[in-house]
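First the structure, in the form of structure tokens, and then the observations on it.
Here is the naming used below: chain letters follow the sequence lines, and residue numbers restart at 1 for every chain.
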Amino acid sequence: MRLEPNQFWTYWEWAFDQRGFLYGGILALILAVLGFLVGYIVATIKHGPAEGFLVVAKIIGQLFTADLPKMSPRRIFAMAKLSFKEALRSRVLVVVAVFVVAIMFAGWFIDPKSDNPAQLYIPTVLFLTNMLVLLMGLFLSTFSIPRDISSKIIYTMVTKPVRPTEIFLGRVFGMIAVGTLTVSIFGLLSYVFITRGLQHTHEIEVMPTDTVAGQTTTYRLHSHTFTLDEQGEGVTDVVKGHRHIVKKVGDKLVVSSQIGDLEARNPIYGKLRFTGRDGEDSEGINVGSISEYLKYVEGDTLSSAIFTFTNVPKDLFENSVTFDMTLDAFRTYKGDIVTPVGGIYFFRSLDGAVETERFGFKVKEGVIDQKTIALDLKSVDGKDINFFTDIAPEGSFELVIRCTDRGQYLGMAQADLYLRAKEKSFEWNFTKGFISIWLQMCIVICFGVMFSTFLSGPVAIVATLSVIVLGMFGWFLDDLTSGELPGGGPVEALIRLPLQSGSVSELDLGSPVVENTIRAIDKGILFSVGLLKNALPNLYDLGTTEFVTYGVNLFEGLLARHLTIAFGYFVMTSIISYFFLKTREMAG
Amino acid sequence: MSTQTPTPAPAAVSTDVIVETRNLGKIYRDFWGRKKVQALKSLDIEIRRGEIFGLLGPNGSGKSTTIKLMLGLLFPTSGRAFVFGKEATDVAKNERIGYLPEESYLYKFLNAEETLDFYGRLFDMPASVRRERAAELIQRVGLQRHRRRQLREYSKGMTRRIGLAQALINEPEFLVLDEPTTGLDPIGTKEMKDLILKLRDEGKTILLCSHQLADVQDVCDRVAILHQGELKEAGRVDALLKVQDVTQIHAKGLSEEAKSKIREIIQQSNSELLKMDNPTTTMEELFLDIVQQSEQRPGARSVGASN
Ligand SMILES: Nc1ncnc2c1ncn2[C@@H]1O[C@H](COP(=O)(O)OP(=O)(O)OP(=O)(O)O)[C@@H](O)[C@H]1O
Ligand SMILES: [Mg+2]
């Protein structure tokens, strides 16, 4: 799993430095203006321009003078409770049975030869939960209001002092309650499924002696080796992502259940910069690697990759500093392919005054390489120093990496090296994974209810499904709207079609004015599509399955960001629904 | 069948206007905005505080449409409707209104108690008040034995009753009843009529529409008769039904001898005997008469403001 740089922004970094709030605000403003225009056009068709304006103004006015301030929690609760009961009495919880059957099936198909069963179990349950919960949200949300309207139950509802805002909120909250119940049940079942599925132990096959390491029996296609210390305790090697503790009880050896397969590493990321061959600032070397983030340092020069860590809390580390790195090697000559490329790393205080001794390493390409150094260590000139007193008094320091083999290169991105602070709880991480799914479900429900305020049930389903599909494969639109397509935008492409002009050559219509106009129109279209794309949720980005699967603590900042985004969609869909419910003729 | 003439509305009737429609009209359009049917044409009526107002007319004459316009369920295509002096689409008016739709549109998966509790909450009533009102209304509409059963199991009459209870949950000042007696047995019908009169005596204003002309005649103070979306007749029931130069004689237990004596007296006084038989429902006659005339001469009839 490689984190994208944006994933470890803190909440405030995202909100202000990266202008998350600003862009959200601009998008909201543009949508509001667009919404107003559309509303005004519709009203003008119905009532004429002057009267139409009054009608729109009145509806907006009533939102702020009556429909928002006069909302009653009791009414919203009544509607929510009703939705909840309606869903339960129409037996939505059958979905739980579907889930159980699905994970049982999945259990059979999980490959027992896998190197890390936990990394199969976890994404399986998360994927199943995600799909089922979104589907449930889709069907729940899109049918209730259309059903109320077609069965005319809405007559008895809207002739009570119920406001459009309350209908939307009540429906949404009720369904979210159903969804919350379902997600919780799924979460518990998943947890039981995973822990039961991974749970195992071994017997002793070979007793350890002074010269021979002990070995466990083979169970589930693997066995472990281990040695014992003087107290008669030991830890096995890591196989299939886990270890066991072996302990002498009386004169027998007891092997514990597996540990370490369900973890939540707590990475602390630094900022990465590079220096060139003579130590000057540089961008790092691009060797044409697939990942646009990967940058390289040149071997046997001063060219360095420098990770700067700031304000790392001391109490997250006990006796040592541990970090994980996953480096890439780029060879300009083959040499001896068996010998890995070598490098060194050392720590340095921010002002550069104190440096630790150099630690050499051999690159393990594409594998997480864990390094641990004791807090008491030697400086580069051989003095005894302490990590937190001398190198990082404020918790801020640099970690420098260089490549030692001439003509070879070491490549890395910011996410490829992180400090490992004290482990977080897997259970909490797992819960956060489910909270992510829950958030996606909330967004789907908001959109479903919104569409159902002006579309019939089946059409609302199709519309909501489109939002989900676009949301999951939003990267397609990303490419489309970045404007970097060969052959230009939609209009240009349309013109090229009859001309049978290849998409590589410049468009040539003989008139630069016409060509520029076409390009301008295309830009406008692509910009609008880009906007529309942002008005739709990017469910793909909201997915956090990888964090849980690969045992990385899901940053609270990221979750908070997702929460904020979901809340944004909630507000947007509420307002749109308000206008549709307000202007809809319920008996029409 | 009881032919009790409605007691003149209590003296306490003020000239307060609860509902006023001005030139109210409704054209139903299809999705493309094409005109489908003109359901209501420039209706002007007033409903005053404390009266029972009946809306009559054949099927499809626009009664339900009128009611929906007054409740803001439909938006007028011309004219305006005011309820309690406010635009009919104003949500706030609903605080003081109770509505029983043509059919009881209620959640079938709720039972009677849950239904009333739900609607009570919509009026923002605290739990204790809701419980009290629900118990009282279930008693009042006679559903005590069925209060824990889901509405999907209810018979037509029982559904009607819970519908009425739902309409009364907020002790409305103005009650709108769309065909309140359909689906009720004779006893239920009688109870419904008594209840309507009782509610009127409690000071509530009631608008009802019905096909059961006898019912309307029994309870309504004033009626308006619609035909093909047009107002044909409006006024006090007693005034509308009184045909000035016709005398009807109703008697019980007359002997043949007595009857011939009466005929003699009529002949002697140079009058002509029209008929003497068991009286038909006079409202029905009026109604049929108006519909017939209207079919011959379409167009709005100038409505005598018989008050
Ligand atoms: N939603 C609708 N769309 C189109 N036309 C409608 C709609 N509702 C009613 N109409 C038409 O409007 C006219 C008046 O209907 P309305 O329901 O008001 O009659 P009504 O007097 O209540 O009849 P009934 O006694 O049968 O209940 C009818 O011609 C009907 O077909
Ligand atoms: Mg009707």
**Report entry** Minimum side-chain heavy-atom gap B:Leu73-A:Val158 below 4.5 Å
**Finding:** yes

Report summary line: Expected contact set for residues 77-84 of chain B against chain A at heavy-atom separation under 4.5 Å reads none

Query raised in the report: What part of B:Gln166 lies closer than 4.5 angstrom to a heavy atom of chain A: side chain, backbone, both or neither?
Result: both

Query raised in the report: Would you call B:Glu114 and A:Lys85 a salt bridge, using N to O less than 4.0 angstrom?
Result: yes

Requested in this report: Check whether any side-chain heavy atom of A:Pro161 sits under 4.5 Å from a side-chain heavy atom of B:Asp124, and report yes or no.
Outcome: no

Query raised in the report: When rounded to the nearest 0.5 angstrom, what is the spacing between OH in A:Tyr155 and CD in B:Glu103?
Result: 10.0 Å

Query raised in the report: Side chain of A:Thr156, backbone of B:Tyr105: donor and acceptor closer than 3.5 Å?
Result: yes

Report summary line: Turns out that what part of B:Lys93 lies under 4.5 Å from chain A's heavy atoms comes down to neither

**Report entry** Side-chain heavy-atom pair B:Val91, A:Val162 within 4.5 angstrom cut-off
**Finding:** no

Query raised in the report: Relative to chain A, which segment of B:Leu100 carries a heavy atom at a distance below 4.5 Å: side chain, backbone, both, or neither?
Result: neither

Report task. Determine which pairs satisfy side chain to side chain donor-acceptor pair (under 3.5 Å) with at least one residue from residues 37-46 of chain A, sequence neighbours left out, and list them in order. Result -> none

Query - Partners meeting ring-ring contact (aromatic ring centres under 6.0 Å, His included) with A:Phe36 (sequence neighbours left out) - result: none

Query raised in the report: Does anything in residues 61-84 of chain A get under 4.5 Å of chain B by heavy atoms, and if so which residues?
Result: A:Ser72, A:Arg74, A:Arg75, A:Phe77, A:Ala78, A:Met79, A:Lys81, A:Leu82

Requested in this report: To the nearest 0.5 angstrom, please state how far the CD1 atom of B:Ile97 sits from the OG1 atom of A:Thr159.
Outcome: 8.0 Å

Report summary line: When every non-hydrogen atom of B:Lys68 is compared with those of A:Ala587, the smallest separation belongs to CD-CB, 3.7 Å

Requested in this report: Kindly compute the distance separating NZ (A:Lys58) from CD (B:Glu87), expressed to the nearest 0.5 Å.
Outcome: 5.0 Å

Report task. Rounded to the nearest 0.5 Å, what's the gap from NZ on A:Lys160 to CD1 on B:Ile169? Could you check? Result -> 9.0 Å

Query raised in the report: Cut-off 3.5 Å, side chains only: do A:Asp148 and B:Tyr107 have a donor facing an acceptor?
Result: yes

